[in-house]
Amino acid sequence: MEKISPFVWKIDKKFRHGMNVPAMIFASEKIMEDVLRDRSIEQLLNVTSLPGIQKAAMVMPDVHI
């Protein structure tokens with residue numbers, strides 16, 4: 001995971017076989033602590049492999065449940 005700016009994180013599509021686009025997360029470091037504890041990242045990575053997806057899969061700060 002690469003920190004692009006204070007509130008933008010990127011997971012390159014080379015991270016996992018089958019990813020068609022990068023994954024982008026828009027969240028503060030505090031929120032990222034919560035996101036990394038649940039299954040949000042796994043769900044985001046699954047979206048990157050959907051047929052027809054273009055440019056990137058993105059999630060906002062309310063991603064965690």
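- Applying the side chain to side chain contact (heavy atoms under 4.5 Å, CB included) criterion to Phe7, with sequence neighbours excluded, gives Ser28.
- A donor-acceptor pair is defined here as one N or O able to donate and one able to accept, closer than 3.5 Å; such a pair exists between the side chain of Trp9 and the backbone of Ala27.
- Sorted by first and then second residue, the pairs that involve residues 16-32 and meet salt bridge (Lys or Arg N to Asp or Glu O under 4.0 Å), not counting sequence neighbours, are Lys3-Glu29, Arg16-Glu42.
- To the nearest 0.5 angstrom, Asn46 atom CG is 10.0 Å from Met19 atom CE.
- Gly18 and Ser49 make their closest contact through O-CB, 3.1 Å (heavy atoms, listed as atom of the first residue, atom of the second, distance).
- Here CD1 of Ile11 is found 11.0 Å from CD of Glu2. Values are rounded to the nearest 0.5 Å.
- Two different hydrophobic clusters hold Val59 and Leu50 under the rule that ILVMFWY side chains link at heavy-atom gaps under 4.5 Å.
- Side-chain contact between Ile25 and Met32 is present, with heavy atoms from C-beta onward closer than 4.5 Å.
- Every side chain to side chain contact (heavy atoms under 4.5 Å, CB included) that Ile53 has, sequence neighbours left out, goes to Asn20, Val21, Val47, Ala57.
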- request: Report the C-alpha separation of Val63 and Leu44 in whole Å, then their side-chain angles, then the decisive distance to 0.1 Å, and conclude whether the side-chain contact (heavy atoms from CB on, under 4.5 Å) test is met.
  value: CA-CA 9 Å; Val63 65; Leu44 174 63; over 6 Å; no

